[in-house]
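One structure below.
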Amino acid sequence: MLVVKVDRCLGCKSCELACAVEHSASKDLYEAIKESPAPRSRVSVGQGEGFAVPLQCRQCESAPCVAICPTRALARTSPETPVMLDHDACIGCKWCILACPFGVITLDERGRTIVKCDQCFERVQRGELPACVQACPTGALLYETLDEILAGKREASLVQIRRSIDKTND
Amino acid sequence: MTDHKVPPMKKHRSGPAGHSADPAGQAMLNIAAEEGFEVSYDRYAGMQPQCAFGQLGICCTNCAMGPCRIDPFGDGSQAGICGATADVIAARNLAKRSAVGSAAHSDHGRDIAHLLQAVSREAAQGYTIKGEVKLRKLAKEWAIPVEGRTNNEIAGEVAQAALGEFGRQEGRLRFVSRAPEKVRKRWERMGVVPRGIDREIVGTMHSTHMGVSNEAMHLMMCCVRVALADGWGGSMVATELSDILFGEPKPVASASNLGVLRESHVNVVVHGHEPALADALVAASQLPEVQAACEEVGAEGLQLAGICCTANEILMRYGIPIAGNFLHQELSVLTGAVDMMVVDIQCVMPALASLAGRFHTKLVSTSPKARFEGFEHIEFDEARALDSARDILMAGVRNFARRDSAKVYIPSEKSPLIAGFTTEGVFDHLGGRYRPSYRPLNNAMIDGRLRGVVGVVGCNTVKMAQDEGHLALVHELLRHDVLIVQTGCSAIACGKAGLLTPEAVDLYAGRGLKEVCDAVGIPPALHMGSCVDNSRILTACIEICREGGLGDDFADLPVAGAAPEWMSEKAIAIGFYVVASGVYTVIGDPLPVLGSKAVTEYLTEGMEKDFGGKFAFEKDPVKAARLIIDHLDRKRAALKLAPMIYEPRPAETQGKVWEPAFSEAAK
């Protein structure tokens, strides 16, 4: 899953550019900026009070967008795949945009369908990182499995416990 | 010397991060990878991904309301906070860079003019006026009396006049009148005649301040004009006055690559750009006391070798060998055999400090304008030039004792080359003693023996395999009967690969080019000097026009420029002054303007209507060669020249230039 380290985001928006380039026809920066329709980023950097953070689809397990889609254009084929859009089935009714609690689905005005982060499914299958993760210059965006995340947290937890034990022994 | 923290090299990849088409370069990169030395290529890899806003030229950091960036996909900001659009931001950034490049060359020219003035007053130890012919010729051109006057008297007035170009507040730069009338008329129509060297730089910096010029086309004209103040100003002053001081170069044989360093000798590498320091070091290196000091520490003698343009200056005049070009600066330290590297200005990597700290190499900076963390600063004083040069060399000799022979690895590559070609020298070459003239060169082009002349110049960059751009481009042009003229790191690249020799003619040249080169005894690529000596290419074009038969305008000539591996802001200024003088120029990496459609379109299309020349951006050197060849053919057709006598030489019959040292697998 995509993990965001908020304290590392500098708001540079390199993730937005990389996402757009990745979802362009040419997949090359210099060519993509000439394409028409222009490619659209699926991640957007939000400005909070005193922080910036890239916001993208959370690939919800119980996705409200999937539940509400009248044409089943949004679906997850298996627990391991992201929530994906079937372009041809999307009628642009925008219910999913309204249903998403994170506000990370948007309308592609040129394609007349919705767009949302697909977690760079094809890149991941090739063993590459999602484009935004690759592009982030400070490592604010990470791509880790649930197990890796949990292992990391548990390890940190164990260190804390060790410190507490040492303190009580002193 | 301070203790330099060497950052640990990230071992996240196998093999070297960087690649070089030069086997010696690749060998050193392999060593760097094995031994864990960080070089520029590693930092380039670590810098990925580089900021796309910067690459596109649509990031503005001019004022404290920013920084601002334009969204190239049209969704986010389409203007900076002040309202500047992508067109304005890209043009403004480019104009600033052009000004900096112009400043670098022009400041160098100023220093040469100061030195000439000091020499004329006999206040510069060890320097004399070696280029008397050029002194008198320039004096005549500038209406300075020469009859019955000593060299010092004339030189004093010439220096005064040259210095006056920097502070000029009225009229126009003197050298503007050298340009063909049609070229000048275009500058006048576009409002870009350079008026004063420092004035244009200050004016352009002013125009790029927040809230001053906010029109892309106006900014492009500032960019052009400040570059013209370099090419027809600062750089031309530097070249002419360097010839006066240090002598007009004549063809000279020498060698280049890391193999010129010798384990048996004290190796002193001089790196940077100004010839004053290098010239004094050459003189000092020949002092008997220096030789004696070398023998005392167990060395056979002192080996002086150069990197970058200061190398080219002492190569052109004294045949001092070249250790390498820009990307060789780190690699030379890695040989473990460099006892001292002396630097002055421009293109010096601060990373040398941490690298040298892993060896015994002593790093010395000498210019009041250029300081580096971890370098020892011994300021070069022209008043006691020979003494300070001797002191610097002695420090290098003493450092020989600290060399660890276990760490020494000097690649064996050392290629012979011929350098020392100038605009004036071509007269002698092509015409011989009895009929020095450009007629044979012009005739060769008119008759279809030569397709044209192309200046291949510029830097190295880590964005491609070192030298690959220069070599592949020149290789392709040579088989199409194109005579190559070269300067800077590009000339060094071709020198290392053996292209600057008469032997290269048989290996690479098309039949027509071969006939010309064999008749005259020249290599197919002529080394004309340092980057300020790109002004020689301008003066050569003047002579070609003057000789006649190929039009009376640079824009008519079957000529082109190329900078396949450009890196520096100086290169931006050079590109602009060459294009604005009417010469089509193909560069490798694009100028950082692609985020502005209007600026990109102007530079690559519209500019030709205004200036007779334009840019092309093409990273693939073979495709770049194709663009140039097509351009030359178009010019030939417009001049109604005879068709080419010979078909291009088939590529398979050419000798191989060093093959790219990397393969797809290694990437």
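Letters A, B, ... are given to chains in the order of the sequence lines, protein chains preceding strands, and every chain is numbered from 1.
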Across chain A and chain B, what donor-acceptor pairs are shorter than 3.5 angstrom?
unit_1	atom_1	unit_2	atom_2	d
A:Gly11	O	B:Arg69	NH2	2.5
A:Cys12	O	B:Arg69	NE	3.1
A:Arg40	NE	B:Asp75	OD2	3.1

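- Heavy atoms closer than 4.5 Å to chain B are found in both the backbone and the side chain of A:Ala32.
- In this structure A:Arg162 satisfies the salt bridge (Lys or Arg N to Asp or Glu O under 4.0 Å) test together with A:Asp166, sequence neighbours excluded.
- A:Ile33 approaches B:Pro72 most closely through the heavy-atom pair CG2-CB, 3.7 Å.
- Partners of A:Arg72 according to the side-chain contact (heavy atoms from CB on, under 4.5 Å) rule, which considers only residues two or more places apart in sequence or in another chain, do not exist here.
- The distance from atom CG of A:Leu17 to atom CG of B:Leu56, rounded to the nearest 0.5 Å, is 7.0 Å.
- Under the ring-ring contact (aromatic ring centres under 6.0 Å, His included) criterion, B:Phe611 pairs with no residue, sequence neighbours left out.
- For B:Phe73 against A:Ala20, the heavy-atom pair with the smallest separation is CE1-CB, 3.4 Å.
- Atom CE of B:Met47 sits in a sparse spot, with 12 or fewer heavy atoms from other residues, nucleotides or ligands closer than 6.0 Å.
- Neither the backbone nor the side chain of B:Pro67 comes within contact range of chain A; no heavy atoms are under 4.5 Å apart.
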